> 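Let me begin by handing over the structure; questions about it come next.
All values reported here derive from a predicted model rather than from experimental measurement. Numbered from 1 within each chain, the chains take letters A, B, ... in sequence-line order.
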Protein chains: 2
Amino acid sequence: MKVTLKTVAEEAGLSITTVSRALAGYDDVNEDTRRRIVAIAQRLGYQPNLAARHLRSKQTHTIGMVIPLTSYFSDPFFMELLSGVGRQAAEYGYDLLLSAQQPGEEELSAYRRMVASSRIDGVVLARVLADDPRIAFLKEAHHPFVAFGRSNANDYPYIDVDGATGVYHLVGHLIERGHRRIAMILSPRKLAFTTARFEGYQRALGEAGIALVEQYVVESDLTQEGGRAVAQRLLDLPSPPTAIVACNDAMAIGAMQAIRACGLAVGRDVAVAGFDDIPTAAFTDPPLTTVRQPIYDIGRRALDMLICVIRQKPLDEAHVLLVPELIVRQSSGAPPIR
Amino acid sequence: MKVTLKTVAEEAGLSITTVSRALAGYDDVNEDTRRRIVAIAQRLGYQPNLAARHLRSKQTHTIGMVIPLTSYFSDPFFMELLSGVGRQAAEYGYDLLLSAQQPGEEELSAYRRMVASSRIDGVVLARVLADDPRIAFLKEAHHPFVAFGRSNANDYPYIDVDGATGVYHLVGHLIERGHRRIAMILSPRKLAFTTARFEGYQRALGEAGIALVEQYVVESDLTQEGGRAVAQRLLDLPSPPTAIVACNDAMAIGAMQAIRACGLAVGRDVAVAGFDDIPTAAFTDPPLTTVRQPIYDIGRRALDMLICVIRQKPLDEAHVLLVPELIVRQSSGAPPIR
DNA sequence: ATTGACATCCAAAACGTTTTGGATTATGGT
DNA sequence: ACCATAATCCAAAACGTTTTGGATGTCAAT
């Protein structure tokens, strides 16, 4: 019932070895018999058992990704990255193995399982932490991987976006429009990119001679609801900011909700800007000014790099740094009232 | 270097069999030795080789999904479904194997490969066609699967949304607002749900005594750009519609673009409505009236069903039909001008 | 007739696991 | 002392593939 090499071999009156080598295209089998074998395999609908093949050859043609369960659903970031990686993987004939896990210990052990159980040839990881145990583990295990993001230790292949420069331009844009009281909603500090984006904020303020106001720098959890909550607090300050920059679009959209809830108009009373340029950003009301990360393309390029690492080919660039693009829309529209 | 059952067995001075059975929790191994074995396995960092395990036991703890490459990126529908399936799979300790493929022959052969190469225990498929070769194949192969959507042959487990009723209510809502010239942008006819949604349209018009105008029924490809193009043609008619209903939100958003491009106001001059309630729908300008499909939850329930099928447990319901919810927003806001 | 070169094929081992069907020892009842 | 039972362990087979290291036959050149 199940058709294996053996079935084909018996049908052809040949050995398993010959069938295997014929199908693999080795040149030590007669061209005529090869064609005959291929025909029979086709007719019987033979499909190699990949478990057996992997067991023997230690190659799975599969790329692993672990998705944090918290952000799995609501996070367009991962979806887009996934799309890029998946798309490019298909290009190379690779499949994608996804494991959704709670961040933390479970997540790390998912990596451990994936790697040690030899189900995958390589890993793409994202949202790297400043001090990332997953990277430490993968490095120590000598398992091929590429990261989207830099961490403290940078002796591994990564692709990243220059968040510092991105936010620098974004805040510069707001300053140009006359804003002086500019708040920033940070992402959790342990995420590597938080520091970079905060740096850009500080640099832009510094060059414009604007002192950093401690109360204007708040932290949230990358979700829309979190952004709404902290923006609420910002607006309740005795001297509220006239512009709010968030570390990602989801939080920026949350901030827009908070502003509207106060009876203020986004873009007219308070400017808002985000980071990422998720698809929704172009459709918010008003459309969101943001910094565009080409996440989809990053996914594709990360996979390109990973394939090189897997095949032990030298990478032309082991560290890719992309300069993000400022997307000005109406949410940063008007100059501040006073 | 690589730690296998053998390594652990040697370290413990026991046989491979005993180690295997100890770790699997069989009761024919002494509790003390079991604990000792577990400790050693832990210490050495033993992880079972899944390829070997699958080869032997024919269970992969993996669910397969094939994503059409065309809609992979731009389609929030698949992303959300994927999220639900992935999330619930994690709940059961299953992983997800994704293969992105061009629709058509390649796609079918991806299913063939996945199934015949015994990499997966079951399949979730979506966007079923009226006459779906993938379903025919999976049925014939007796491979566990659950579909999101009904096709012509319905002797398989599926979960679906009652699109006819959904569109019926949606069109009813537009008629209530005074619209009589209501156009519909259909999805490709070969998709099973197209027929259902069209039925709802016809029924609503029929009950209101409105004759179906052939030119008001057009077909497009589920993309935003496609929706824009056909909406353009609708607006160029001598007697253009005052309301446009699209088979999905993406095309509805395209229609909104076309309306604006004509210098008309969406919701005031021409009403627009979609289907799906993708995340973006709440943020368009004006927000989009639509029919909500709980895609994420559908993904989760589909996986619940699939697990039952895989474990050969009886399904409480082999055919789940959800009634979608009408979401009224501003895009259907005003009554027509004349 | 022998040799070497070449083309074509194959038996057997190996990958790491699970499972089958005992083997061995200890225990308690007669 | 003997047997039945239970508790604990294990050798070997099996899963389906790839790879190694020949084996066999043919043919041309010596």
> Of all the nucleotides listed (C:dT20, D:dC9, D:dT20), which has the minimum atom distance to the side chain of A:Arg21?
D:dT20

> Could you pick out which residue, A:Leu55 or A:Asp28, lies toward the 5' side of DNA chain C when each is mapped onto its nearest nucleotide?
A:Asp28

> Taking side chain to side chain contact (heavy atoms under 4.5 Å, CB included) as the criterion, tell me which of B:Asn49, B:Ile40, B:Val8 meets it with B:Val3.
B:Val8

> Expressed as a whole number of angstroms, how long is the span from B:Arg53:CZ to C:dC15:P?
19 Å

> Measure the acute angle between the ring planes of B:His61 and B:Tyr94, then classify it against the limits of 30° and 60° as parallel, tilted or perpendicular.
parallel

> Looking at B:Thr33, does any N or O in its side chain come under 4.0 Å of the phosphate oxygens OP1/OP2 on D:dC9?
yes

> When you get a sec, tell me which of D:dC9, D:dT19, D:dC10 is the closest nucleotide to the side chain of B:Ser15?
D:dC10

> Hey, is the side chain of B:Tyr26 poking within less than 4.0 Å of OP1 or OP2 on D:dC9, counting only N and O atoms?
no

> In terms of side-chain geometry, is the basic nitrogen of B:Arg35 or B:Asp32 positioned less than 4.0 Å from the acidic oxygen of its partner?
yes

> Out of C:dT8, D:dT18, D:dC9, which nucleotide sits closest to the side chain of B:Thr18?
D:dC9

> Where each residue is assigned the nucleotide of DNA chain D containing its nearest heavy atom, which of A:Arg56 and B:Arg56 is assigned the position nearer the 5′ end?
B:Arg56

> I need the CD-C1' distance between B:Gln59 and C:dT17, as an integer number of Å.
14 Å

> Between the main-chain N or O of B:Thr7 and the side-chain N or O of B:Tyr46, is there a donor-acceptor pair closer than 3.5 Å?
no

> Write down the distance between NZ (A:Lys2) and P (D:dG16), rounded to a whole number of angstrom.
8 Å

> What is the separation between atom NE2 on A:His54 and atom P on D:dG16, rounded to the nearest whole Å?
15 Å

> CG of B:Asn49 versus C1' of C:dA14: gap in Å, rounded?
13 Å

> Any salt bridge (charged side-chain N to carboxylate O under 4.0 Å, His left out) pairs touching residues 54-63 of chain A, not counting sequence neighbours?
none

> Could you tell me how far apart B:Leu14 (CG) and C:dT25 (P) are, to the nearest whole angstrom?
15 Å

> Would you mind telling me which of D:dT19, C:dT17, C:dT19 lies closest to the side-chain atoms of B:Thr17?
C:dT19

> So, OP1 or OP2 of D:dT17: does either fall under 4.0 Å of a side-chain N or O from A:Tyr46?
yes

> Let's see if you can work this out: which of C:dT18, C:dG16, D:dT17 has an atom nearest to the side-chain heavy atoms of B:Ser20?
C:dT18

> Using whole Å, what does the distance between atom P of nucleotide C:dT25 and atom CG of B:Asn30 come to?
16 Å

> Report the distance from atom CZ of B:Arg34 to atom C1' of D:dT8, rounded to the nearest whole Å.
14 Å

